[in-house]
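Taking it in order: structure first as structure tokens, then the write-up.
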Amino acid sequence: MTRISRPVRVRYAPSPTGFLHVGGARTALYDYLLAQKTGGAFILRIEDTDQKRYNPEAIPDLLAGLRYLGLHWDEGPEMGGDYGPYYQTERLGIYQKYIKVLLDQGHAYRCFCTPERLAQVNEERQKARLLPGYDRFCRNLDPSESDRRAEAGESFVVRLKVPLTGSITLHDAIRGDITIENETIQDTVLIKSDGIPTYHFAVVVDDHLMEITHVLRGEEWISSFPIHLHLYNFFGWEPPVFAHLPLILNPAGKGKMSKREERAPDGKVYPVFVHTFKERGYLPEALVNYLALVGWSYDDKTEIMSREELIERFSLERVNPSPAAWNYDKLDHFNGIYIRNLPIEDLTDRLLPFLAAAGINADRETLLKITPLIQERLTVLSDAPPWVDFFFVGELPSYDLNLLVPKKMTLADVPDILQVARRVLANSDFTHEALDAYLREAANSQGLKPGEMFQPIRVAVCGKMVAPPLFETLEILGREKVLQRIDRALERLQ
Ligand code: GLU
């Protein structure tokens, strides 16, 4: 394992089959960190050769998700670059040129077997208790016969001619050497019958032509490395450094993290897509910091790190090969820390769209005063609406009058308390300091505990028991609105 000092060229190469998952986002993040650290290039390549699994919503979601996380790519869609096109379906001519090289050199061969024949072969293998696979029926076809049949228009795929003996070894930057016996490897399809390459062929040609120096990808791709390395060897190309990143497990640590967002047995829907984390109000800074630590660590203790620190400190040597379990509580904890560290103006601006989405018509000026009152209380930005909604309505929606009643009292006790409070609220300076002092004094003179006076006031003006600190809330609401709401409560109590 060598330390990287020269600028890398790394790529994130998603297939546009679904939304940006945190697993993919982590790969992209590690690519980005490595590129930034070494002054290299982070390339985004869309591996869209599997038309059957193509999902038109995927690419916009991928681009938006990467942008949300601030993982800006140097080359790729919407950016261009010297190594394009960056969509594989726009590179089909390139693959045709390179497959011809392999066919001419005898490292690949046309296979004319029909789907029916392949199904039959598999059936027989099953009976013989063998794994499904191809029996290499066309491997030794005479090249001139192969050419003749192709020219006659017979349908074919192109397969890799995997050596029948020996083994192949991958030097993985995270896992060390991994050796596979060639006899266990299939003569994998490189070009499908419609002339479109498979992932295995396109990925190798593109990584080579795009001068990729380091391939970071999920552990689930380890089984593909023998095919890829054989291709590098047959072409006589130097392979990139491979680093297979650890699996991300579900929070229980049993099994892979879900690929989908489904309702869990506890009734909650746990996010796995970047856009859902965004909608819930996770800050990109917090998500990036958390994601970096899913499989990598700087030391045994440092957890909260800025983007700049992550860039400076990231290294493949400290990526852990063992699977890492996702931890929603830890992410929540990180998010709370990042929210508390935001300047008020910044947090206010980030809250506005969440309030709008909740149907709250908040003005920035008022919200700027409220934000410091709730900053400590937020885990995610979408927690904010119930803390602030009552500031931005004329009249409160109706609430349960029993909430006005302090412990060990009855509804009949409330009007007197509110009347006393009303006199103070009508006459005191309307600053939180003055309100605090005078309302306490009023409670005292009535022989009430402070809370016995504050609860009816809070419920009358906020419509709920849980709300931001009372005196600051009163000050922001202003005398007029506060008195109106006290009066309204008194009316309802009659
Ligand atoms: N297109 C593959 C995917 O969707 C990329 C695998 C690789 O990085 O080689 O995961």
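The structure presented is a predicted model; accordingly, all values stated were derived computationally and were not measured. All ligand and atom numbering here is 1-based and tracks the order in the structure. Computation of the quantities below employed the complete heavy-atom set of this structure, encompassing side-chain atoms and omitting hydrogens, waters and symmetry-equivalent molecules.
With Gly24, Ala13, Ser224 as candidates, the residue nearest to atom 5 (C) of ligand 1 on a non-hydrogen basis is Ala13. Across Phe225, Trp221, Tyr12, Tyr199, heavy-atom proximity to atom 7 (C) of ligand 1 is greatest for Tyr199.
Inspection of the Arg217 and His244 side chains reveals an N or O donor paired with an N or O acceptor under 3.5 Å.
The backbone N or O of Arg313 lies less than 3.5 Å from no partner atom in the side chain of Arg318, so there is not a single donor-acceptor pair. No donor-acceptor pair closer than 3.5 Å links the side chain of Asp31 to the backbone N or O of Leu44.
Those atoms of ligand 1 with a heavy atom of Glu47 less than 4.0 angstrom away are 1 (N), 2 (C), 5 (C). Close contacts between ligand 1 and Val203 involve ligand atoms 9 (O) [criterion: under 4.0 Å to a heavy atom].
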> Does the salt bridge (Lys or Arg N to Asp or Glu O under 4.0 Å) test come out yes or no for Arg11 and Asp206, once each step is laid out?
Replying inline: CA-CA 10 Å; Arg11 87 306 191 272; Asp206 287 349; over 6 Å; no
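The structure places CZ of Arg149 at 6.0 Å from SG of Cys138, a figure rounded to the nearest 0.5 Å.
For atom 8 (O) of ligand 1, the closest non-hydrogen atom on the protein side is Arg11 NH1, 2.8 Å.
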